[in-house]
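If you read the sequence from its start, that first residue is 1, and numbering goes on from there. Computed from a prediction, not measured in an experiment: that's the story for all the values here. Computed from heavy atoms alone, side chains included, the values below leave out hydrogens, waters and symmetry copies.
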Amino acid sequence: LWSTHHLLIDGWSWPVIFNELAKFYTGQNALPKPRPYRDYIAWTLDRSNGDAQNFWCEYLQDFTPQQLRIGQRPVGIPMSGHASFGEETACLEEEVTQALQHAARENQITLNTVLQGAWALVLAHYQASMNPVFGAAYSGRPPEISGIEGMVGPCVNNLPVRVKVLSEMPISEWLKQLQRGQLDASHHQYNSIEQIQGWSGIPWRYRLFDSLIVFQNYASGGVTERLGECVTVEVADAPESTNYLLTLTVVPGSKLRLKMLYQPEQFEAADIRCVLSDLSVALREIAKSPGAKLSEILSQLAPRPAVTAASVRPITAAGAETMPRTDMERTVAGIWQELFDNPRVSLEANFFDLGGHSLLLVQAHLKLQQALGRSLPIVTLLQHPTVRALARQLAGNVDSRLALQAVNDRARRQQDAMARVKTGRKG
């Protein structure tokens, strides 16, 4: 049994690993020495130059993060502290998939660009905005590094994709324009999302994007299914999750497969199925009429449900107590007030319930270390996500029994979440 984490490898590394493993199974013990991952790190650090900064500053100029609404729930506002994920799938017919592939070849664009364009149209529809922004996974493997194709490591990078929907433009011409923009961005795909947001000047309390599209176009050549003639590989079915509210995974094949991961406490399953249905409609329209205008495709999508003021859950910082009493509470609360741009942060409010995310957590960690004048494990912020709990921990006033109970409670919630996902799949 082999389990992996994206901190160690990415999707493009799987075929490399299984190919080498298959050679061992067939008696080929002499393998060529791979290019070390450290060379990739050194190369990417050299790419953090002024050209990259200028590109991303211009790319995100005048961009204001938008709140996407699906159904009656606004995206981007956590509903509770749980992080369980749901999953919905859809599959395009074989003839539609072939038509999409044909349209992509005829217009000299990639199937990945077609999927990104369709997703941009769906987001524009639900946001009621002609300037949607979403995240996309880039391979991050530069051809300039010799031997990069045989390197194992996390090279993949998630970057913002900013799209301008021009209603009267033919879909084929619009997709070509989108691909040109993606090509320009690909030259700067080696910068971290933290660098990009820092350069853009967008406040850390906002995420650049809440949805991510992953096009699984890495080729395995069958090596991930067999190890020699006698040993086969069976993929275990296990819950998946990401740190994005919506993650769309596209699996190419004779029938294009679409998989949407989402937070059940943020979205209703029926609403996610509507989103996938709209995405399928957009793809079918592109396959049928690549010369149609964008407005014609948008008109085929399901009407958006009305969102009333009562259905929007506001972000509040209300709690049992809001005024810090100790110096440490004042230090922590002051940092949170600055990051969330909120002068009244409750001592009991959960960091992530307030809208915290991974990049904001990094900023909180950095500011805490600067304020305290000492190093601090970032996991401490995850283990103590309220002002009061974190202040007690930093001041050394935590009962070890309570800390152990908190760890056990988190483990139990994770197990419960996995059990709910498994039960849902069986149903």
Side-chain angles (χ1 to χ4, degrees), residues 6-7 9-13 35-66 109-110 112-113 116-117 119-120 131-149 151-164 175-215 217-218 242-244 247 339 357-367 378:
H6 280 295
L7 285 175
I9 69 168
D10 57 17
W12 283 266
S13 300
R35 186 75 180 260
Y37 182 70
R38 64 189 299 172
D39 290 355
Y40 172 79
I41 294 296
W43 188 89
T44 55
L45 290 176
D46 288 338
R47 305 291 292 185
S48 301
N49 51 33
D51 289 342
Q53 181 174 353
N54 291 337
F55 172 83
W56 288 114
C57 283
E58 183 177 352
Y59 190 78
L60 295 171
Q61 187 176 11
D62 300 324
F63 165 61
T64 301
Q66 299 168 321
I109 56 178
T110 65
N112 186 8
T113 299
Q116 288 190 13
W119 182 237
N131 294 280
V133 174
F134 56 91
Y138 284 72
S139 68
R141 292 177 178 258
E144 294 88 342
I145 300 181
S146 61
I148 189 68
E149 67 280 355
M151 184 182 291
V152 173
C155 300
V156 67
N157 198 10
N158 300 328
L159 300 174
V161 178
R162 193 175 184 183
V163 182
K164 188 173 184 179
L175 289 174
K176 290 178 183 178
Q177 186 181 88
L178 176 60
Q179 182 159 290
R180 287 193 294 270
Q182 291 294 80
L183 180 60
D184 292 340
S186 69
H187 296 306
H188 305 284
Q189 64 175 293
Y190 313 103
N191 303 115
S192 70
I193 195 68
E194 184 179 11
Q195 281 180 314
I196 293 171
Q197 183 155 352
W199 290 336
S200 72
I202 295 173
W204 291 106
R205 63 183 178 275
Y206 298 117
R207 297 181 68 150
L208 293 182
F209 49 87
D210 283 317
S211 68
L212 175 72
I213 181 171
V214 181
F215 191 88
N217 59 345
Y218 38 84
T242 74
N243 64 322
Y244 296 100
T247 301
L339 291 176
H357 51 82
S358 56
L359 288 186
L360 198 65
L361 188 75
V362 171
Q363 293 300 311
H365 177 241
L366 177 62
K367 290 181 178 295
I378 195 169

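When side chains are defined from C-beta on, Phe134 counts as touching Val163, because their heavy atoms get closer than 4.5 Å. Here the side chains of Gln195 and Gln53 are not in contact, with every heavy-atom distance at 4.5 Å or above. At a threshold of 4.5 Å between non-hydrogen side-chain atoms, the residues Leu208 and Val133 do not count as touching. You'll find the side chain of Pro132 stays beyond 4.5 Å of the side chain of Trp119, heavy atoms only. Residues Ile148 and Met151 have side chains in contact (heavy-atom distance under 4.5 Å, counting atoms from C-beta outward). The closest side-chain heavy-atom distance from Gln179 to Leu175 is not below 4.5 Å. Inter-residue side-chain proximity for Ile193 and Asn158 is flagged as unmet; no heavy-atom pair is nearer than 4.5 Å.
Legend: residues meeting ring-ring contact (aromatic ring centres under 6.0 Å, His included) with Trp204, ordered by chain and number and at least two apart, are absent. With sequence neighbours excluded, the residues forming a ring-ring contact (aromatic ring centres under 6.0 Å, His included) with Tyr244 are Phe209, listed by chain and number. Lys164 is linked by a salt bridge (charged side-chain N to carboxylate O under 4.0 Å, His left out) to nothing, counting only residues two or more places apart in sequence or in another chain. For Asp184, there are no salt bridge (charged side-chain N to carboxylate O under 4.0 Å, His left out) partners, not counting sequence neighbours. Every residue meeting the side chain to side chain contact (heavy atoms under 4.5 Å, CB included) condition with Leu7, not counting sequence neighbours, appears here in chain and number order: His5. Applying the ring-ring contact (aromatic ring centres under 6.0 Å, His included) test to Phe63 and every residue at least two apart in sequence or in another chain returns nothing.
Panel note: side chain Arg205, backbone Leu360; no donor-acceptor pair is recorded below 3.5 Å. Within the 3.5 Å criterion, the main-chain N or O of Gln189 finds a donor-acceptor partner in the side chain of Asn157. The backbone N or O of His357 sits nowhere less than 3.5 Å from a side-chain atom of Asn243 that would complete a donor-acceptor pair. Panel note: side chain Asp10, backbone Val156; a donor-acceptor pair is recorded below 3.5 Å. Between the side chain of Arg141 and the main chain of Cys155, no donor-acceptor pair closer than 3.5 Å is present. With hydrogens and angles disregarded, a donor-acceptor distance shorter than 3.5 Å links the side chain of Gln197 to the backbone of Pro203.
The structure places CG of Leu361 at 4.5 Å from CD1 of Ile378, a figure rounded to the nearest 0.5 Å. Separating the CG atom in Leu183 from the CG atom in Leu178 is a distance of 11.5 Å, to the nearest 0.5 Å. Going from atom CH2 of Trp199 over to atom NE2 of His188 covers 9.5 Å, rounded to the nearest 0.5 Å.
Residues Val161 and Ala136 share a closest heavy-atom pair of CG2-CB, 3.6 Å. Across every non-hydrogen atom of Ser13 and Ile9, the tightest pair is CB-CB, 3.8 Å. In this structure, Val362 and Glu194 approach most closely via the heavy-atom pair CG1-OE2, 3.3 Å.
Ring orientation note: the planes of Tyr40 and Tyr190 are nearly perpendicular, at an angle over 60° on the 30°/60° scale. Ring geometry, Phe55 versus Tyr59: the interplanar angle falls under 30°, so the pair is classed parallel (tilted spans 30 to 60°).
No donor-acceptor contact under 3.5 angstrom links the side chains of Arg180 and Thr113, judged on distance only. Gln182 and Tyr138 share a donor-acceptor pair across their side chains, judged by distance under 3.5 Å alone.
In this structure, Glu58 places its CD atom where only 12 or fewer heavy-atom neighbours from other residues, nucleotides or ligands lie under 6.0 Å away.
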